[in-house]
Each structure stands twice: as C-alpha cells, then as structure tokens.
Amino acid sequence: GLSLTKSLAPHLLDFAESSSSKPLTDNVIKFASPEEIETAFDSAGVPIQLSPGSGPSPDSSLITACQTALEYSVKTRHPLFLNQLYGGVDDAALAGEWLVAACNTNAHTYEVAPVFTLVERAVVRRMGGLVGWEGECDGLTTPGGSASNLYGMHLAAHAADPDRRTRGAAGGPRLCAFVSADAHYSYLKASRIMGLGDDNLISVPVDSEGKVRGPALKAAMDEARSQGKTPFFVGSTAGTTVRGAFDSISEAQDVVDGCEEKVWHHVDGSWGGAALWSPKLKEVWLKGVERVDSLAVNPHKLLNSAISCAIFLTSPKRDGALEATNGAKASYLFQPDKANAGLDTGDKTIQCGRKPDAFKFWLMWKALGDKGLSERVDRCVALADYAVERIKEREAEDGALELVMAPNSFTNVLFRVVPPSLRRPRKRGGKPSERSPSELASLGKAAPLIKAAMQRDGDALIGFQEYGDAKYGNEEINFFRMVVSQGDILTNELLDHTLDTMIKHSEVLEGAKAEAQQV
C-alpha cells in the first residue's frame with residue numbers, strides 16, 4: 001500500500017506552504033553541524049548510517065525521520081533564499097513533479113511515456129518559437145545545464161569531424177573550443193569527458209561589463225589557429241554565474257559565420273535564458289539568439305520550475321543532429337516497425353533512463369501562460385534594480401554598502417557590506433577611495449564572517465566569492481552575490497530588511513572584535 005506516502009503528504013504540504021508564509025519570523029535554515037544533524041537522527045531513533053543486518057523500520061519511525069529531514073533542510077522556497085541561481089518552486093510545477101514521481105516512468109519511448117513524450121515535444125516546439133526559429137527545432141530535457149553544455153560541445157565535435165564517431169578523437173584534427181573567461185565550469189568538465197583536454201578549452205577575456213565581444217573572440221581564434229588548432233565550438237553565455245553578464249551573441253555569430261572551419265555556436269542560457277519569456281528583455285540581452293546552433297535553458301532557475309528542469313534545443317539548421325550523433329539503435333527499445341516509433345526520443349540522448357521533466361514545466365506554463373511567465377521574469381529584474389538603488393543610496397550616505405563591478409546585469413546584485421572602520425562614502429558617479437593592502441585584507445574577511453552570522457541566526461542565505469584573474473587585471477576581493485529569483489514572493493521591504501540585517505551583523509562583528517582586543 002501507500003501508507004507512508006499518505007501519512008507524509010500533509011507534512012510535505014505544510015513544509016512547502018510554511019517556507020514562505022512568515023519570512024520575517026521563520027528562518028531560512030536551522031543551521032547545524034554534520035555532527036548535530038547526525039545526533040538529531042539518532043535521537044529520533046532513525047540513524048543516518050545504514051548498519052549491516054539492520055531490520056525494517058515501522059512507518060512511525062520513518063515519518064519521524066522525514067520530519068527531521070525537513071527540520072534541518074534549507075527552505076529554498078523562503079523569499080530570502082538568495083544564495084543560488086534558483087529558489088522556490090511554483091505551485092503547478094510542484095504538482096507536476098509529484099505527478100511524474102507517481103507515474104514513475106521513463107521518457108525514452110512513446111510506449112512507456114505517451115503523454116510525457118507529447119508534452120516534451122510541445123515544450124520544445126514552443127520554446128523554439130520564442131527563440132525565433134522558423135521551422136522544426138529539436139531538443140530534449142537534460143539533467144541540468146552542465147549536461148546541456150556537454151550536449152552542445154559533443155554535437156559540435158561530431159559536426160566538425162564526422163569520422164570521430166567511428167575513428168575516435170585520436171588521429172583527427174586538434175579541435176579547440178572557445179568560451180568566456182567567466183563561463184560555467186561545466187565546460188571544463190565537458191572538455192575532459194570528451195577527451196578535448198584543458199589546453200584546448202580556450203578562455204576568451206571579457207570586457208569591463210563581463211561580456212565576450214566579437215574582436216576578443218576573433219583574436220583568440222586566430223591565436224589558436226597559429227598554434228595548429230582547429231576551432232569547432234564557441235560557447236556564448238547568456239547570464240554568467242557571478243556577474244549575470246550576457247555575451248554579445250550577434251558579434252560572436254558574426255565571427256563564427258566568417259570562419260572557414262565548421263564552427264558550432266552554442267549559448268549557455270541556463271540562467272539568463274529566462275529572458276526568452278520577456279519580449280523587452282530578450283531584445284536587449286538575447287539579440288541574435290535565433291542565429292545560433294543550440295541553446296541551453298533551465299526553467300528550474302529564475303522561472304521557479306521544480307529541480308531539475310533543464311532543456312537543450314537545437315536550431316532547425318541542425319535538424320537530426322541529436323540522433324545522428326547519439327543514436328545506437330538498441331533493438332530491444334527502438335524497433336522501427338512498432339507503432340509510433342518515430343516519437344521515441346531515447347536515441348537522441350546520451351542516457352537511457354530519463355525522467356519526464358518537461359511535464360512540470362508544461363503544467364506551470366499552462367497555469368501562468370506567456371504573460372504570467374513574462375511578468376515573473378520582469379518582476380525579478382525590477383527587484384534586483386531596486387536592491388541596486390538601495391545599495392547606491394547607502395554607499396553615498398555612509399559607505400555601509402558598496403556596489404561591486406557596476407552596473408549590475410540581469411538579477412545578480414554584487415556588493416560588499418563594509419564594517420564601520422572601513423567605510424568610505426562615495427557619491428553617485430564618484431571614484432572609489434583607495435584602501436591600503438591591510439584594509440583590503442580586512443574587508444575581504446568581512447563577508448565570510450557576516451555569512452556565518454546569518455547562517456547561525458537563520459537569516460537570508462546569500463553567497464559570497466572572490467572574482468577575476470591577475471592576468472586580466474580584474475581581481476576583486478570577497479563580495480556578496482545576491483541572486484533574485486523569487487519575484488512572486490520577494491518584496492522591496494524584505495530586501496530592505498535583509499540589507500539592514502547584514503549591516504547590523506558587520507557592526508556587531510567589528511564591535512566584538514574591538515572588545516576582544518581590549519581584553
């Protein structure tokens with residue numbers, strides 16, 4: 001029976017609802033060390049460790065274990081979960097996720113997933129229309145943006161060197177790929193998986209706004225050619241992980257069009273691809289995207305579909321590339337003479353088992369419509385713009401906050417929270433004050449301490465990091481990256497509260513440090 005599932009369902013609904021109902025009183029996380037979490041499970045009578053010879057546990061113990069798991073899990077649906085490039089989950093998407101789990105089927109053939117096969121095809125076609133492609137595009141859901149980028153590079157290599165499929169990489173041209181210096185690290189992993197190697201994944205410098213421009217790309221490709229390498233792939237980024245920057249897709253495509261080699265242009269829009277649903281933002285940030293060969297988009301990020309929901313698309317000019325590259329024609333699955341064989345998708349993938357992830361996004365799209373999704377994206381951008389203005393005001397007022405690498409892009413807000421002794425107020429348009437090496441070192445240590453205090457208290461979760469590379473002269477010490485991805489439940493007032501809380505943490509930490517030095 002389903003006794004455990006029935007008993008657990010109310011707890012799951014309560015967790016989902018309560019995660020966002022009282023943002024100022026309910027914590028984002030009940031922070032605990034690994035040892036404390038293991039102790040909590042031990043106290044509940046359900047140890048995390050799986051001991052040899054252990055017997056079955058009753059439903060009552062399993063419910064307790066599930067309650068403990070929820071108690072110590074991060075509430076990503078909390079509006080102040082601003083830590084990653086995702087957050088929250090849409091109501092319809094969550095319902096779709098549960099439906100897919102209940103069906104427990106595989107998206108490789110029509111015969112075992114008839115509804116989900118048709119839904120995935122509908123989502124792919126509609127997304128191709130948003131891109132601006134005329135004609136039939138192809139695509140499928142993948143485990144995530146990293147896998148989508150691997151697909152793009154994998155298809156590109158076989159398009160550039162068709163004999164690679166049978167001969168292998170050895171004996172072929174020395175292929176090289178080009179991505180932004182700020183590109184996602186998944187490209188590095190993809191190059192290793194494919195046998196391309198780190199040395200043949202070439203980082204293209206970005207401009208002051210974090211974008212790859214055409215001249216820089218062309219210079220990098222010319223340099224690679226002078227070393228005997230063969231360009232085959234350009235990976236533009238639409239929304240870089242840290243800065244949220246959008247490479248110039250049109251300029252990159254112009255360079256690709258001028259190549260003598262067979263170069264594939266892929267766009268990693270895992271984050272910024274959400275701009276497809278906003279006509280005004282698409283025109284600004286995704287101009288020229290209809291000219292590229294393939295595109296990655298992750299609806300589980302800013303659009304708030306349930307994780308994982310990632311989609312890889314190929315343009316009509318690359319029709320058939322997925323199956324031509326990946327097809328293995330396993331006879332026990334893909335019989336050509338069975339009913340609806342043409343709808344099977346399993347031979348397009350590098351997997352066999354594949355979850356029908358398109359359904360939850362389809363259900364959410366039906367619930368919200370084009371207008372609802374567009375408003376969700378626009379709302380997130382507006383909230384990020386509000387946060388930037390708030391930071392600028394405080395920077396001019398007393399220097400408690402300061403923007404980093406302005407102007408911001410998309411919904412990534414980069415800033416520092418400055419302890420009192422290091423504050424340097426700056427009027428709008430003014431140049432930043434110089435800090436000594438020791439002051440910079442102290443300022444760099446502030447972000448981890450503030451983050452730790454916020455985790456301890458269960459405040460908003462916001463990530464921090466360093467940035468840049470000495471060879472590009474764009475190094476930045478630690479700063480916070482606030483990611484706005486929950487436009488439906490986040491408010492200006494909550495953003496004000498969060499920034500004020502972070503400032504208070506910086507003041508308390510510096511006060512405690514001063515007291516400790518006096519003792």
Side-chain angles (χ1 to χ4, degrees), residues 84-86 93 96-97 100-101 105-109 113 116-117 119-128 130-131 137-159 177 179 183-194 233 235-239 241 264-274 276 289 292-315 318 320-328 344-362 364-365:
Q84 316 294 154
L85 301 183
Y86 68 89
E97 175 80 352
V100 167
T105 194
N106 197 321
H108 54 14
T109 65
F116 300 135
T117 299
V119 163
E120 181 177 67
R121 184 174 67 168
V123 168
V124 166
R125 285 177 173 175
R126 183 70 187 94
M127 287 182 64
L130 291 180
V131 172
C137 67
D138 202 359
L140 68 166
T141 58
T142 71
S146 295
S148 295
N149 290 338
L150 172 61
Y151 269 101
M153 193 178 285
H154 177 52
L155 267 61
H158 286 264
V179 298
H184 193 261
Y185 66 87
S186 58
Y187 280 122
L188 189 62
K189 293 188 175 185
S191 68
R192 293 171 181 173
I193 291 170
M194 291 176 55
F233 176 87
S236 293
T237 303
T241 304
W264 183 293
H265 189 189
H266 171 74
V267 172
D268 176 10
S270 299
W271 175 230
L276 282 174
V289 70
V292 307
D293 297 286
S294 59
L295 172 68
V297 182
N298 287 10
H300 73 239
K301 292 184 181 288
L302 189 137
L303 292 178
N304 300 153
S305 183
I307 294 175
S308 174
C309 186
I311 299 170
F312 174 75
L313 303 170
T314 58
S315 77
R318 296 296 186 175
L322 276 166
E323 189 162 356
T325 303
N326 297 320
D344 291 349
T345 59
D347 236 8
K348 297 178 182 180
T349 79
I350 56 177
Q351 304 167 249
C352 179
R354 190 166 62 93
K355 189 178 175 184
D357 285 320
F359 183 80
K360 55 197 169 192
F361 182 47
W362 174 86
M364 183 178 85
W365 203 336

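Along the sequence shown, residues are numbered consecutively beginning with 1. Computed over heavy atoms, backbone and side chain alike; hydrogens, waters and symmetry mates excluded.
You'll find the side chain of Arg318 stays beyond 4.5 Å of the side chain of Leu155, heavy atoms only. Here the side chains of Asn326 and His154 are in contact, with some heavy-atom distance below 4.5 Å. You'll find the side chain of His265 reaches within 4.5 Å of the side chain of Asp293, heavy atoms only. Residues Val124 and Cys137 have side chains in contact (heavy-atom distance under 4.5 Å, counting atoms from C-beta outward). Two residues are said to be in side-chain contact when any heavy atoms from C-beta on lie closer than 4.5 Å; Ser270 and Asp268 meet this criterion.
The distance from the NE2 atom of His300 to the OG atom of Ser308 is 5.0 Å, given to the nearest 0.5 Å. Taken to the nearest 0.5 Å, the CG atom of Leu130 stands 15.0 Å off from the CZ atom of Arg125. Here Leu188 contributes atom CG and Ile193 contributes atom CD1; the two are 10.0 Å apart, rounded to the nearest 0.5 Å. Atoms CG and NZ, from Asn149 and Lys189 in turn, are 12.5 Å apart once rounded to the nearest 0.5 Å.
If you check the side chains of His184 and Thr241, you find no donor sitting under 3.5 Å from an acceptor.
A distance-only check finds no donor-acceptor pair linking the side chain of Asn298 to the backbone of Ala310 [under 3.5 Å]. Between the side chain of Arg354 and the backbone N or O of His108 there is no donor-acceptor pair closer than 3.5 Å. With hydrogens and angles ignored, the 3.5 Å screen pairs no side-chain donor or acceptor of Tyr151 with any backbone N or O of Thr349. Under the 3.5 Å distance criterion, the side-chain polar atoms of Thr142 are matched with a main-chain donor or acceptor of Gly144.
Closest approach of Ala107 and Ala113 over heavy atoms only: CA-CB, 4.3 Å. Considering every non-hydrogen atom in both Trp264 and Ala156, the closest pair reads CB-CB, 3.3 Å. Looking at every heavy atom in both residues, Ala328 comes nearest to Asp347 through N-OD1, 3.0 Å. When all heavy atoms of Tyr187 and His266 are compared, the pair lying nearest together is OH-CD2, 3.3 Å.
Tested against Leu140 for a side-chain contact (heavy atoms from CB on, under 4.5 Å), the candidates Thr345, Ile311, Asp357, Leu322 yield a single pass: Leu322. Screening Glu97, Lys360, Lys355 against Cys309 for a side-chain contact (heavy atoms from CB on, under 4.5 Å) leaves a single residue, Lys360.
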Working note: Arg126 + Trp362, criterion side-chain contact (heavy atoms from CB on, under 4.5 Å); need CA distance, chi angles, decisive distance, verdict. CA-CA 10 Å; Arg126 183 70 187 94; Trp362 174 86; over 6 Å; no
Assess the residue pair Leu276 and Leu295 against the criterion (side-chain contact (heavy atoms from CB on, under 4.5 Å)); give the C-alpha distance rounded to whole Å, side-chain angles, the decisive distance to 0.1 Å, and a yes or no. CA-CA 11 Å; Leu276 282 174; Leu295 172 68; 4.0 Å; yes
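The aromatic rings of Phe361 and Trp365 sit tilted, their planes meeting at an angle between 30° and 60°.
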